[in-house]
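Take a look at the structure set out below.
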Amino acid sequence: MKPVIVVHGGAGRIFKEREEGSRSGVKRAALKGYNILKRGGSALDAVEEAVAVMEDDPHFNAGRGSVLNEKGEVEMDAIIMDGKNLASGAVSAVKRIDHPIKLARLVMEKTDHMLLTDQGALAFARAMGIPEVPGEKLITERSLDRWKKNLEADSNPQEFQKDLGTVGAIAIDSAGNVASATSTGGLTNKLVGRVGDTACIGSGGYADNDVGATSTTGHGESIMKVVLARLILFHMEQGKKPQDAADAALNFMKTRVGGLGGVIVISSSGDWAARFSTKQMSWATVKDDELLCGVHAGERHRQSVEEAMSSMGS
Ligand code: GLY
């Protein structure tokens with residue numbers, strides 16, 4: 001099987017001045033994951049590391065750069081899933097760690113559970129030796145500014161919610177295993193303790209070697225109502241190709257609950273799609289040593305892996 005990785009940097013509205021940063025961020029993440037796959041690494045390692053790259057990148061709403069809750073704190077959700085055995089691990093409302101996706105993987109591999117939240121997740125992180133970082137390390141000037149603006153009497157919270165930016169990755173490795181990983185800071189000025197779609201299996205992501213894998217982004221409450229990730233795989237089980245399955249599920253979410261979002265999808269034969277019903281979604285994929293990426297509907301930039309690596313200075 002030829003390895004393939006697809007990543008997204010979130011569906012929503014990407015302001016002009018952030019477009020280039022978002023595009024290079026997804027490219028860097030896709031290249032990181034692809035290099036792991038090319039060396040014979042697993043899909044699980046590839047998606048975890050690709051997401052960790054975006055958690056470090058302040059252009060995205062995950063890890064450093066996460067949006068703030070109503071109290072001005074970062075609370076993050078993440079999920080990872082292994083298509084080989086349907087094992088999955090997730091964390092919700094976690095604070096003060098750099099890489100929620102790595103903690104989600106530890107939940108999957110080191111506990112009998114699938115989701116740990118808030119203080120329990122933090123205690124588990126400590127027990128696993130994950131260093132705690134000062135909360136401010138994850139807060140950018142931009143997220144602080146948006147949080148403050150949202151508290152103003154004449155603010156329109158809906159405006160900020162269009163700027164989403166969850167990150168995710170899906171991959172198939174040379175052994176034919178698929179995996180999915182998703183990580184987010186959630187919604188700007190969300191209530192303390194709000195858990196979104198990202199932490200919920202079947203909503204924020206899903207992976208099953210028999211069908212394929214997907215990672216979702218968009219309005220979490222809408223995604224949860226239609227269980228978007230699993231719905232896409234359902235359509236694929238019924239014979240739809242990744243692109244048609246993605247479009248059918250996104251269209252259902254829009255018409256049934258008025259929700260917008262975006263998805264990346266891969267089938268067990270390595271066909272892939274990146275689709276969105278929002279204005280934009282940054283995405284990138286690498287297959288056959290060729291990188292494709294885009295931000296706007298219909299946009300596809302093509303580069304060889306070699307070219308892309310040298311243009312990014314790696
Ligand atoms: N999809 C990210 C969130 O709503 O939390």
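Count residues from 1 along the sequence. In each ligand, atom 1 is the first atom listed, and ligand 1 is the first ligand listed. In this text the structure is predicted, and so the values were computed from the model without any measurement.
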query = Backbone or side chain, does any N or O of G220 fall under 3.5 Å from an N or O of ligand 1?
reply = yes
message = I need the atoms of ligand 1 closer than 4.0 Å to a non-hydrogen atom of D197, numbered in the order shown.
response = 1 (N), 2 (C), 3 (C), 4 (O), 5 (O)
task = Look up atom CD in E132 and atom CD1 in I97, then write down how far apart they are to the nearest 0.5 Å.
result = 9.5 Å
key: Atom indices of ligand 1 within 4.0 angstrom of T166 heavy atoms, with elements   = 1 (N), 2 (C)
request  = Please verify whether a non-hydrogen atom of K190 lies at under 4.0 Å from ligand 1.
outcome  = no
ask   = Between the side chains of S215 and T182, is a donor N or O closer than 3.5 angstrom to an acceptor N or O?
value = yes
message = My understanding is that we take every heavy atom of each candidate and find the minimum distance to atom 5 (O) of ligand 1. Doing that for R194, H219, M224, E75, which one comes out nearest?
response = R194
message = When you compare ligand 1 with G218, is there at least one nitrogen or oxygen pair between them that comes in under 3.5 angstrom?
response = yes
ask   = When you check the side-chain N and O atoms of H8 and S282, is any donor under 3.5 Å from an acceptor?
value = no
key: Spacing of T166 atom OG1 and F60 atom CZ [to the nearest 0.5 Å]   = 11.5 Å
I266 side, atom CD1; I170 side, atom CD1 - distance, nearest 0.5 Å = 5.5 Å
